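Every chain is numbered from 1, with letters handed out A, B, ... down the list of sequences. Quick caveat: nothing in here was measured; it's all calculated off a predicted structure.
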2 protein chains.
Amino acid sequence: MKVTIKDVAKYAGVGVGTVSRVLNHGSVKETTRHKVEAAIKKLNYQPNTYARGLKANRTNTIALIIPTIWHPFFSEFAYYIEKYATAMGVKLFLCNANHNSEKEYEYIQMVKRNKVDGIIGITYSNIDQYLSSHLPFVSIDRHFSEDVVYVTADNEAGGRIAVQELIKRGCQSVCFIGGYQQIPNETKKRRQAFERTCQEQAISYSILDLEEPILDLDKQLTSFFLSQPEIDGVFAINDTMALDVITCLKKLNKSVPEDVQVIGFDGQKISEHADYLVSSIVQPIDQMAKMAVQRLTEIIDGKQVVKRTVLPVKFVPGDTTLFVQT
Amino acid sequence: MKVTIKDVAKYAGVGVGTVSRVLNHGSVKETTRHKVEAAIKKLNYQPNTYARGLKANRTNTIALIIPTIWHPFFSEFAYYIEKYATAMGVKLFLCNANHNSEKEYEYIQMVKRNKVDGIIGITYSNIDQYLSSHLPFVSIDRHFSEDVVYVTADNEAGGRIAVQELIKRGCQSVCFIGGYQQIPNETKKRRQAFERTCQEQAISYSILDLEEPILDLDKQLTSFFLSQPEIDGVFAINDTMALDVITCLKKLNKSVPEDVQVIGFDGQKISEHADYLVSSIVQPIDQMAKMAVQRLTEIIDGKQVVKRTVLPVKFVPGDTTLFVQT
DNA sequence: CTGTTAGCGCCTTCAG
DNA sequence: CTGAAGGCGCTAACAG
């Protein structure tokens with residue numbers, strides 16, 4: 001039933017060592033090699049990964065930990081991670097962590113159990129404690145306290161650009177609408193940069209920053225906008241929030257973008273060939289994924305690695321901001 | 001550096017067999033077990049997956065092959081597959097096949113190489129040839145010629161229900177709009193049932209079924225609707241198509257659902273907490289995933305398996321059909 | 001109950 | 001250049 005290297009050797013009339021040699025770094029006589037190759041084909045031999053891994057101590061497998069794959073931002077990210085991993089001959093485990101740090105810990109253990117070589121993670125739970133500089137781990141959008149390698153978009157520039165674009169389009173009174181969690185992460189810079197830029201540009205602004213999980217978002221948005229009717233420009237922390245804001249504004253009979261302009265963050269598309277949902281500060285997800293895989297590979301190979309990789313964002317106008325000549 | 005079962009045994013002052021026993025089905029004296037557990041903790045011992053797999057010949061790993069994770073239907077499906085796999089203690093490889101049958105074949109090879117125990121696949125390429133009844137494989141939405149196990153939604157009922165719901169809402173002239181590929185799959189039944197039901201109900205209908213990849217869909221839709229202005233009900237093969245249809249209709253100054261009602265298929269949501277995009281025949285994705293994992297597990301365990309699993313669909317009204325009293 | 005031992009399939013010396 | 005033999009870490013069968 002199960003054909004092993006031994007069967008091949010017997011069939012080819014050689015020793016197992018010889019078969020192994022043609023399989024790997026072959027310095028084998030031409031005729032012998034042919035015999036062996038014929039046997040391999042004939043018997044449909046497949047080397048057993050386990051036996052190999054037991055010696056080699058390398059799996060060519062990485063894990064991707066994200067909150068949930070069922071969200072366009074993460075599914076796009078996962079798409080590219082898988083793409084670049086495959087390009088490097090690496091297989092990918094998928095883990096929806098859902099803020100479940102146990103599940104994340106489980107994968108960290110897998111590294112130690114020789115089941116995966118490393119991990120790429122977008123995680124908002126307290127796994128700091130398990131992360132050591134020894135563990136091959138690349139963090140996305142979050143800078144852990146220790147010297148963990150991370151890749152992120154330029155959230156700071158994003159916040160600045162958002163304000164500039166709103167001003168350029170005639171906004172007089174802008175606001176930032178976001179949600180946050182206790183766990184620090186790079187996205188907080190979106191708000192910081194927004195505030196700083198508003199001050200620099202001397203534009204009137206306000207902030208609605210809610211702690212997640214957000215209860216009754218719609219109600220909070222409604223009362224916020226009712227209390228500040230002068231607002232004509234919104235920078236939302238992400239596109240999902242932007243969509244919620246838009247829904248709320250419409251209910252309040254404000255039209256977007258005529259009365260209020262909205263800029264989101266992320267550049268979400270529901271699928272590869274779809275359009276962007278809103279005007280947005282677009283993250284270079286493809287590049288982020290590429291760099292993440294590359295950095296992780298470097299770590300696994302024991303190379304020297306750049307700890308911090310920041311990639312540029314850009315503003316992409318959509319239906320939720322006014323058109324301006326450039 | 002790397003701590004093995006031997007180290008634990010030595011440290012605990014017992015034999016390796018004993019350690020193995022506490023690790024697995026332990027019938028060990030309480031005091032001995034404590035000693036061993038202490039040693040395991042002290043040394044931070046992690047069993048090596050490879051060595052285990054080498055014996056057990058089982059990886060507790062499956063692969064999911066889908067066209068692309070970057071699409072709400074597939075990402076939702078993957079979400080649930082991962083969920084149920086995890087619940088059973090099984091890890092999941094993700095593979096975006098993109099109609100790339102080589103990549104699919106690669107994973108099939110992995111089964112033989114003992115790298116995965118089995119595969120769940122939504123695939124539209126010609127991998128029939130590689131599939132044997134020996135290979136642990138569960139197909140979604142596609143019935144391969146051989147006796148391959150598959151799980152599908154009740155596409156037939158879906159087509160029927162769509163027609164009934166349109167008629168119930170007063171439609172006089174309906175149409176089916178779809179795309180197809182040479183490869184046969186279960187979704188073709190949507191059209192078949194649509195046609196049959198229209199005939200039974202004696203309602204006037206037409207069909208626009210385009211071969212994929214569809215070039216210039218918008219143009220084709222436009223000319224179709226212009227040539228058939230009497231159409232007041234559309235059944236689209238999936239929600240994506242439904243959205244395209246709606247966009248087109250709006251351009252033609254037809255309002256949805258007042259002038260034309262549209263029903264899609266799938267019940268796509270862009271993420272877990274979002275709404276359905278359109279009125280739709282909703283597939284029980286959660287259940288499909290659950291059954292797929294269950295069936296695959298049965299195959300792997302060598303149990304007798306039901307070849308064909310068909311799960312019920314239901315109509316969920318949204319913004320693209322008129323409201324009716326029920 | 002528990003220590004010892006024989007492989008699982010493969011790779012890598014080590015002699016020939 | 002090639003066959004034989006040891007061992008990777010673990011489990012299971014076999015004696016104690």
Side-chain angles (χ1 to χ4, degrees), chain A residues 1-40 42-61 109-117, chain B residues 1-40 42-61 89 109-117 300:
Chain A
M1 178 69 248
K2 185 129 297 186
V3 29
T4 79
I5 200 172
K6 245 180 198 160
D7 302 312
V8 177
K10 201 181 301 173
Y11 189 93
V14 301
V16 291
T18 307
V19 178
S20 177
R21 247 160 269 147
V22 339
L23 252 34
N24 309 312
H25 47 261
S27 69
V28 187
K29 207 204 303 174
E30 197 58 15
T31 56
T32 323
R33 144 167 274 122
H34 279 312
K35 273 195 298 183
V36 173
E37 279 167 350
I40 288 177
K42 185 73 59 184
L43 300 174
N44 190 27
Y45 166 72
Q46 297 288 344
N48 179 315
T49 310
Y50 281 124
R52 267 196 170 157
L54 190 54
K55 303 281 301 186
N57 222 46
R58 171 122 182 205
T59 68
N60 289 315
T61 296
Q109 293 298 74
M110 283 172 65
V111 177
K112 298 186 179 155
R113 287 183 198 159
N114 288 321
K115 197 150 183 191
V116 298
D117 295 334
Chain B
M1 178 69 247
K2 185 129 295 184
V3 28
T4 79
I5 199 171
K6 244 180 198 160
D7 302 313
V8 176
K10 201 182 300 173
Y11 189 93
V14 301
V16 290
T18 306
V19 178
S20 177
R21 246 160 271 149
V22 338
L23 251 37
N24 308 313
H25 47 259
S27 70
V28 188
K29 207 204 302 173
E30 197 59 16
T31 57
T32 323
R33 144 167 274 124
H34 280 312
K35 272 195 298 184
V36 173
E37 279 167 349
I40 288 176
K42 185 72 59 182
L43 300 175
N44 191 27
Y45 166 71
Q46 297 289 344
N48 179 316
T49 309
Y50 281 124
R52 268 195 169 155
L54 190 54
K55 297 282 304 185
N57 219 47
R58 172 122 181 202
T59 68
N60 290 315
T61 296
Q109 292 300 73
M110 283 172 67
V111 177
K112 298 189 179 151
R113 288 183 198 161
N114 286 322
K115 196 150 185 192
V116 298
D117 295 334
I300 294 169

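A donor-acceptor pair under 3.5 Å is formed between the side chain of B/T49 and the backbone N or O of A/R113. Distance alone, capped at 3.5 Å, places no donor-acceptor pair between the A/D117 side chain and the A/R58 backbone.
Within the 4.0 angstrom heavy-atom criterion, no nucleotide atom of any strand lies near A/V19.
The separation between A/N24 atom CG and D/dC1 atom C1' is 16 Å, rounded to whole Å. Atoms CZ (A/R58) and C1' (C/dC11) sit 17 Å apart, rounded to a whole Å. The distance from atom CD1 of B/I5 to atom C1' of C/dT2 is 13 Å, rounded to the nearest whole Å. For the pair B/K29 NZ and C/dG3 C1', the computed distance is 13 Å after rounding to whole Å. A/L23 has its CG atom 15 Å from the P atom of D/dT2, to the nearest Å. When the P atom of C/dC1 is taken as reference, atom CD of B/E30 falls 10 Å away, rounded to whole Å. Distance CG (B/D7) to P (D/dC10): 9 Å, rounded to an integer number of Å. Between the OH atom of A/Y50 and the P atom of D/dG7 there is a distance of 25 Å, given to the nearest Å.
Rounded to the nearest 0.5 angstrom, B/L23 CG and B/R52 CZ are separated by 5.5 Å. To the nearest 0.5 Å, the span separating OG1 on B/T18 from NZ on B/K35 amounts to 9.0 Å. Rounding to the nearest 0.5 Å places OG1 of B/T59 at 6.0 Å from NZ of A/K115. Remark: A/T31 OG1 to A/R33 CZ distance equals 10.5 Å, nearest 0.5 Å.
Side-chain proximity of B/N48 to the nucleotides C/dT13, D/dC10, C/dT2 is greatest for D/dC10. Nearest to the side-chain atoms of B/R21 among the listed nucleotides D/dT2, C/dG3, D/dT11 stands C/dG3. The side chain of A/T18 lies closest to D/dG3, out of D/dC10, C/dT2, D/dG3.
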All N/O pairs under 3.5 Å across the protein-nucleotides 6-8 of chain C interface:
{"residue": "C/dG7", "atom": "N2", "partner": "B/K55", "partner atom": "NZ", "Å": "2.8"}

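Side-chain nitrogen and oxygen atoms of B/R52 include none within less than 4.0 Å of the OP1 or OP2 phosphate oxygen of D/dG9. Under 4.0 angstrom from either OP1 or OP2 of C/dC10 there lies at least one side-chain N or O belonging to A/Y45. Between B/N114 and C/dG9 there is no side-chain polar atom (N or O) within less than 4.0 angstrom of OP1 or OP2. At the phosphate of C/dC1, neither OP1 nor OP2 sits under 4.0 Å from any side-chain N or O atom of B/T32.
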Please list, one pair per line, the donor and acceptor atoms closer than 3.5 Å that link side chains of residues 4-12 of chain A to other protein atoms, with sequence neighbours excluded.
{"residue": "A/T4", "atom": "OG1", "partner": "A/K6", "partner atom": "N", "Å": "3.0"}
{"residue": "A/D7", "atom": "OD2", "partner": "A/T4", "partner atom": "N", "Å": "2.7"}

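Judged by atom type and distance alone, A/R113 does not reach the base of D/dG9 through any side-chain donor-acceptor pair under 3.5 Å.
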